[in-house]
Engineer: 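Here you go, one structure.
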Amino acid sequence: MDFGLSEEQELIRDSFQGTLSRISDLDTVRQTAEAGASMDKSIWGELCALGMAGLLIGEDYGGAGLNLLEAAVVAEELGRRVTPVPFVASAVMAPLAIGLGGDEEQRREWLPGMADGSLRLGVAVSEAAAGAREDASVTAASKGNDNVLNGRALFVLDGAGADAYVVADGTGGLHLVRAGESGLDTVDLKTIDRTRAITELRFDNTPAEPLRQGDGVLQTIIDAGRVTLAADSLGAGEVMLQQAVDYAAERKQFGRPIASFQAVKHMCAEMASELQPCRALVWYGAYTMEHDPGGLSLAAAFAKSHVDEVGRFVARTATEVHGGMGFTDLMGLHYWFKRLGVNRAYLGSPERVRAEAARLQGFAA
Amino acid sequence: MDFGLSEEQELIRDSFQGTLSRISDLDTVRQTAEAGASMDKSIWGELCALGMAGLLIGEDYGGAGLNLLEAAVVAEELGRRVTPVPFVASAVMAPLAIGLGGDEEQRREWLPGMADGSLRLGVAVSEAAAGAREDASVTAASKGNDNVLNGRALFVLDGAGADAYVVADGTGGLHLVRAGESGLDTVDLKTIDRTRAITELRFDNTPAEPLRQGDGVLQTIIDAGRVTLAADSLGAGEVMLQQAVDYAAERKQFGRPIASFQAVKHMCAEMASELQPCRALVWYGAYTMEHDPGGLSLAAAFAKSHVDEVGRFVARTATEVHGGMGFTDLMGLHYWFKRLGVNRAYLGSPERVRAEAARLQGFAA
Amino acid sequence: MDLNDQTEHKVFREEVRTFLDGNKHLAPGESAFSFRMRPRNLAEDVRRWQGLLVDHGLTSRTIPKAYGGYGADVDILKSRIIADEFFAANVIQGLGNQGISMLVPTMLEHGTEEQKQRYIRPTIRSEIVWCQGYSEPNAGSDLASLTTSATEDGDDFIINGQKIWTSGAHIAEMIFCLVRTEPDAPKHEGISYIVFPMDTPGIEVRPLQTMTGSPSFNEVFFTDVRVPMANVVGNRGQGWVVANSTLKHERGLLGDANRSLDSLLRVRKLLQNESLDGRPLMENPLFRDRFIRLQARVQAMRLHEMRMITEAGKGKGRGLGDMVVKLLGCELNHQLDGLGIDILGEIGVLYDDSPLLRDGGAWQANFMFDLGLIIGGGTAQIQKNIISERGLGMPREPKVAQA
Amino acid sequence: MDLNDQTEHKVFREEVRTFLDGNKHLAPGESAFSFRMRPRNLAEDVRRWQGLLVDHGLTSRTIPKAYGGYGADVDILKSRIIADEFFAANVIQGLGNQGISMLVPTMLEHGTEEQKQRYIRPTIRSEIVWCQGYSEPNAGSDLASLTTSATEDGDDFIINGQKIWTSGAHIAEMIFCLVRTEPDAPKHEGISYIVFPMDTPGIEVRPLQTMTGSPSFNEVFFTDVRVPMANVVGNRGQGWVVANSTLKHERGLLGDANRSLDSLLRVRKLLQNESLDGRPLMENPLFRDRFIRLQARVQAMRLHEMRMITEAGKGKGRGLGDMVVKLLGCELNHQLDGLGIDILGEIGVLYDDSPLLRDGGAWQANFMFDLGLIIGGGTAQIQKNIISERGLGMPREPKVAQA
């Protein structure tokens, strides 16, 4: 048994860590966020050069042919740097959707462009993953020789500026919809997190191409997305803790660093304690996709729901340790706070994901 | 508006406080508990002389004719001293059951003896208040001229050594059953709390006398019981906090009293903060019985469920402040710990009581 | 215990209702709550409304007539009746800004007759808006280590230094401020409490960007700001004592049970109006249970406040019961915001002018702002120190040995 | 990451299964867990079973053959396989008492050759049972302030003083103990680690009544207890260092993920088997949600343990990841007990030999005992100090100025 990263995985982590520390510093994040861009193209370019977009795409299609564990390792680093690039949908869920759900023709058409980063895809599965809000629902129908979609999909991940969308219909089928297609409207949705973008899609007899081997793929990409979000949150949480520890060492009150006050020390100790076991939970969730696919949904549910709860605790506690400074924009701590906040809500709240975990184990109908 | 005790109520509190500090010290509690007696007869006698048993019984029947607020004031003092006497069932629920649900003849027959403490009654309403465990249920039927009960009632409060029982049947009707009646079996149930006793009743065509004006009385006595338990928990919690503060002032580690460590101070501050508003919640619950009966059930639900949660927190935290000493029998802290533990379970767990609060407000079916 | 109105109070309640019936059309529509979130220039209608309330004794009731108040005796129940009736009518109450809630009581207690004459009337009528200059970048929890200096120059002080967390500084006409006038005295004894106009030369106000995205706070820089020594309130060098009476007022202000009730009602509306997969979220037993838990807490805080008011009315000093209000109230509000966000799911992370946004984005804004309040006005950690030391009599942190 | 067995390990797993098939009828029926709760004299079958496991290398695997062990190389996976297979077969594993888990590693690291020869073999075979004499009434969290004295008398020490929290003292043959041998040295430097038989004259053991009602702990009094100086382990005066290596072992021991898993399975059984108003409690969404929450935590702890084992196997030192285990594990167990109690409602407060009692009253007993563990072995507060100081590099509590 070896419950750890391989040398290759550590190499991937180190290379992303190194590159991100150079290109995704807080100033860059802030500039992107304040410009309302929610993606930095030069960061995207550099990371694609490192293979980010093609991680999960087979080598035959120009990708690295790696697995979810490598994606989780990268996601953690992106979370650490609150990097403003699409990842969870564009580099994890969409490649898996097409890789697992597309036929050879579809894979040939889409994956190479996705692997090199020239094609970015949003993923519209919120209604299946988190439940339908408002009147959101998507139905697929045949119209002549065409397959068309009607309805409305909310909270489309990595949707802004995407070249195409992977869309789930109400029966679990997956479809590809190109940006600019007739009968397609997109509405940008702003969230507290300025580092990643979501949109709404409205379909009115919009031509769409079904993924032809889509059975069961929807749940798999949701599970993979959940693990990836958990990894992102883990990275963000680790950084918030480290920032709290660093700030406490510097900040003096009553003639001593606040790090020497037991209350502050214990807040940090509690954050560290909660965060430590999260890594194993995330890694294991990612590992199951390849090695125990039948256990993926449950492992992903544990990872997502637990890290969500830890994330809320850490976001709040680290901010408290920073005192007023945590509430200002000056140190940018809130970028991590907000990243954790949205990760919690995407692809199923902890409450909902736990309910799924109960059903998966036969504890509930 | 006057949200406080009247002078008379303060007098009652002070007189019970004074008497209890004299007769219900920890040694006495311990002796009673270790003897497995769950009631100290001389304490019972002294408290009845103070009017405890007749608090809620009309003056016409030899009682003091007071209200639930006075009972809550007394309950808090009993909780403070973990006094080993029956109160919630024997002095609150049963007198109300007969006072509100009995006809004049029944009141004449029972209340005077109850008021002077010569008659003690247990109350069997657990199935209605907390839900039925195992196969517990009681049905009433006519047999000839007699009303008889069949079935099984669990967790009968103040049941051990009682002279009679107030028993709820499955339809909400209330009955009086005399101890020693034919077809009645009692089974003593030991709990972690050695200061009060519960029993199980088994009925086999057991003659019982229905309370003739019982409509709606069952819910009222449950509500009153809940408020009383909350008051008892409040008193127990307040004492645990005070003991923690006192112990921390005395106990030295690392060359200083542990009370000077911020972690210990904050644990005490959190207990104090949680406990403080509980008093108003308890008083208000008690006040509504007389002044806003339509609001009693909801107010009682808030009081019971909230104080239950605070009680668990305080029981654990105060024990932690005591370190190993809290875990031993030496200081007897566990008597309060256990009293809080059983109060939480009796007459409806916090989860169940909150569900009732939701229904009362039309939030759930 | 008697929560019913006596005859006098029944009459008073009717009077308040009559006033509201006749005048509520004059009330500014904006709720006190959203006003607090984003300080801005007081609209003329707000000042007029405030003046009307003062004239009718519906706010600042107990301020002596000599200083522009209504001169009524303390009657807790009447204050409660006013609050309840305004709340029921959904009409903005008398303002509760820092001038009214903090400066006025302080000045009544410590000010000279001339200061009282000059400042109280326009303050309670909101003709003067104040801001508070306490915190400094290196004096937050440890407020007494502040370094803004005031050096003598004839009959004036020359003030230099910087304040931070100055809410409303960009709209305030006046500031009440702590400055160090005796640099050689022990740190708690060299501070004076001083008031001066914000348009005094040498004052620069810079908005402070916060996590909510809207600048609720400011930094204020003083460069050779000249202020007459006569503007000191209380004795020179005793500003710490003067300020502490004010801080107590702030701590009460921050944990207001009405605010929690307001949040609770909004959460209830979400549970009733929002749906998931076509079913109202009130049907979700987990959210419902969390709601009832918090409802019990709100109820406890409201009743506790009534108990504290009663005790104050009976002349009992402020004790443990008062000290816990800020800690609990701020936490409760933050929990209510968090529940709202969770109920909304992905809608709950929307912000700014996003389509689908609920309540103008108030849920996220409040979730962050209320976390800011947990931190501000004395962090939760400082509150716990105070509760344990002053409330429970536990020892202060021992002095640290010099290394 | 590779959680599958390689060929060698597959073979080993089969060997373990074969051993269990052939021998499990010899295993004592009592679960390790209930045994831990209530120390009592080891039944002969327990000692025999333990000896059998030692002989087959299924416990104390890596102890050198010279001292009675199996002399195997460290192979974390094989240890894991043993644990998993025993767990799956519901068979009691090798004992994990204080002699085996604490004394043996300490002695291997610090003992003389003679001490190792004499004590290790009978200890791992449970022919000698040990107890631990560390805590004193006035030295709990602040262990180094202990005052039990050992004064020289020829080649012996004469020991006087008192220990507390001595689990199993009433059944132990030997004690390992911290005593102050250098009264004038600084407090951490005057302590020695010494071992001696419990039947040495002058030792009195008094059971300590605890809240659970069963005496899991003792007080031990020493009056002129004569012990040869040769019984010191490690250097005289360096007992603090020796003991700290042992304490680390204890902290690992207390937060055992298998124990949490065991509790979790029991909670699941309650949810499935207990009913309220005739409906299984698994249908209650609140309890179900709490269960899944805790299940995720148990899973996190189990996987975290595997990660830590892997890191240890790669020779990485014990770091933050190890330090958090005790704090989290004890809290998790207490939470699991609390959920069990809540599921049971009024049944959950029954105790002793009450009718209707579930699982022999283990829910309440564990709820209290696990709270005791949160307190014991270094309170949660001390754990947090250690995590922040050693794990996160935060400063130690500053020295207090002498008043």
Side-chain angles (χ1 to χ4, degrees), chain A residues 1-6 9 69 241-242 244-245 248-249 256-257 259-262 264-287 291-292 298-299 301-307 309-310 350-351 353-358 361-365, chain D residues 1-6 9 76-77 80-81 268 271-272 282-283 285 288-293 295-311 313-314 316 319-325 327-328 331 380-381 383-389 391-398:
Chain A
M1 181 201 70
D2 179 10
F3 198 105
L5 298 184
S6 66
Q9 287 158 346
L69 184 51
L241 164 62
Q242 191 56 53
V245 170
R256 45 193 267 213
S260 71
F261 285 99
Q262 207 180 19
V264 173
K265 287 163 69 175
H266 284 195
M267 289 164 91
C268 292
E270 286 162 14
M271 286 191 273
S273 302
E274 290 290 355
L275 282 166
Q276 273 294 318
C278 289
R279 167 157 294 116
L281 206 53
V282 168
W283 283 358
Y284 184 75
Y287 173 84
H291 297 277
D292 179 19
L298 187 59
F302 286 148
K304 171 77 165 67
S305 62
H306 183 64
V307 179
E309 303 289 5
V310 170
E351 297 83 8
V353 171
R354 282 195 295 269
E356 278 183 37
Q361 298 178 90
F363 299 155
Chain D
M1 194 151 152
D2 179 6
L3 307 183
N4 297 319
D5 302 348
Q6 302 306 310
H9 293 120
I76 304 295
L77 182 51
R80 186 81 210 175
I81 288 171
R268 191 184 70 192
L271 280 171
Q272 290 170 327
M282 191 60 103
E283 290 181 14
R288 207 165 55 214
D289 186 70
R290 266 172 81 186
F291 174 79
I292 303 283
R293 260 177 205 260
Q295 189 183 24
R297 282 192 172 271
V298 171
Q299 179 72 346
M301 292 304 289
R302 292 183 73 217
L303 298 169
H304 178 67
E305 202 174 70
M306 290 166 75
R307 182 164 82 87
M308 290 300 102
I309 289 171
T310 299
E311 290 205 349
K314 290 178 182 170
K316 292 186 187 167
L320 192 52
D322 294 290
M323 291 175 198
V324 305
V325 169
L327 181 70
L328 290 171
E331 181 64 37
Q381 313 312 314
Q383 294 294 322
K384 290 180 195 172
N385 286 350
I386 291 172
I387 292 165
S388 59
E389 290 166 14
L392 299 173
M394 300 179 82
R396 295 177 64 88
E397 191 83 4

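Residue numbers begin at 1 in each chain, while the letters A, B, ... track the order of the sequences. Because only heavy atoms are used, hydrogens play no part in the values below, and waters and symmetry mates are left out as well, while side chains stay in.
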Engineer: Work out which heavy atom in A:H306 is nearest to a heavy atom in D:A296; give both atom names and the distance.
Structural biologist: CB-CB, 4.1 Å
Engineer: Between D:R396, D:R297, D:H9, D:Q299, which has the largest tally of heavy atom pairs under 4.5 Å with chain A?
Structural biologist: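 Of the candidates given, the most pairs with chain A belong to D:R297.
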Engineer: A:L69 versus chain D, heavy atoms under 4.5 Å apart: side chain, backbone, both or neither?
Structural biologist: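 Just its side chain gets close to chain D.
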Engineer: Between A:A248 and chain D, with a heavy-atom cut-off of 4.5 Å, which part of the residue counts as in contact: side chain, backbone, both or neither?
Structural biologist: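 Looking at A:A248, just its side chain touches chain D.
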Engineer: Using side-chain heavy atoms (C-beta onward) and a distance below 4.5 Å, is D:Q272 in contact with A:F363?
Structural biologist: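 In contact.
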Engineer: Would you name the heavy atoms of D:L327 and A:S273 that are closest together and state the gap between them?
Structural biologist: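 Between these two residues, the closest heavy atoms are CD2-OG, 3.4 Å.
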Engineer: Heavy-atom pairs under 4.5 Å with chain D are the metric here; pick the option from A:A303, A:C268, A:P277 that has the most.
Structural biologist: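 Top option by heavy-atom pairs under 4.5 Å: A:P277.
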Engineer: Just one of D:M323, D:M301, D:R307 clears the side chain to side chain contact (heavy atoms under 4.5 Å, CB included) bar with A:Q276, so which one?
Structural biologist: D:R307
Engineer: Sort out for me which of D:I292, D:V324, D:D289, D:L320 touches chain A most, counting heavy-atom pairs under 4.5 Å.
Structural biologist: D:I292
Engineer: Given the options D:L271, D:I387, D:L392, which has more heavy-atom pairs under 4.5 Å with chain A than any of the others?
Structural biologist: D:L392
Engineer: How long is the span from the CD atom in D:E389 to the OG atom in A:S260, to the nearest 0.5 Å?
Structural biologist: 10.0 Å
Engineer: Side chain from CB out, backbone as N, CA, C, O: work out which of these in A:Q242 comes under 4.5 Å of a heavy atom of chain D, or both, or neither.
Structural biologist: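 Neither; nothing under 4.5 Å.
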Engineer: Between A:A249 and chain D, which part of the residue has a heavy atom less than 4.5 Å away: side chain, backbone, both or neither?
Structural biologist: neither
Engineer: Could you have a look at A:S6, A:A272, A:A355 and say which one has the most heavy-atom pairs with chain D under 4.5 angstrom?
Structural biologist: A:A272
Engineer: Which distance, rounded to the nearest 0.5 Å, do you find between the CG of D:L303 and the OH of A:Y287?
Structural biologist: 11.5 Å
Engineer: Please determine, among A:E274, A:E351, A:H291, the option with the most heavy-atom pairs under 4.5 Å with chain D.
Structural biologist: A:E274
Engineer: Would you find more than 12 non-hydrogen atoms of other residues, nucleotides or ligands less than 6.0 Å from D:R290 atom CZ?
Structural biologist: yes
Engineer: Atom CE of A:M267 and atom OG of D:S388: how far apart are they, to the nearest 0.5 Å?
Structural biologist: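 That separation rounds to 12.5 Å.
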Engineer: Under 4.5 Å, counting heavy-atom pairs only, tell me which of D:E283, D:R293, D:M306, D:M308 racks up the most with chain A.
Structural biologist: D:R293
Engineer: So which of D:K384, D:M1, D:H304 has the biggest tally of heavy-atom pairs under 4.5 Å with chain A?
Structural biologist: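 Maximum pair count with chain A is reached by D:M1.
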Engineer: Side chain, backbone, both or neither: which part of A:L298 has an atom under 4.5 Å from a heavy atom of chain D?
Structural biologist: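 Neither part, no heavy atoms under 4.5 Å.
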Engineer: Most heavy-atom pairs under 4.5 angstrom with chain D, which of A:Q9, A:Q361, A:M271?
Structural biologist: A:Q361
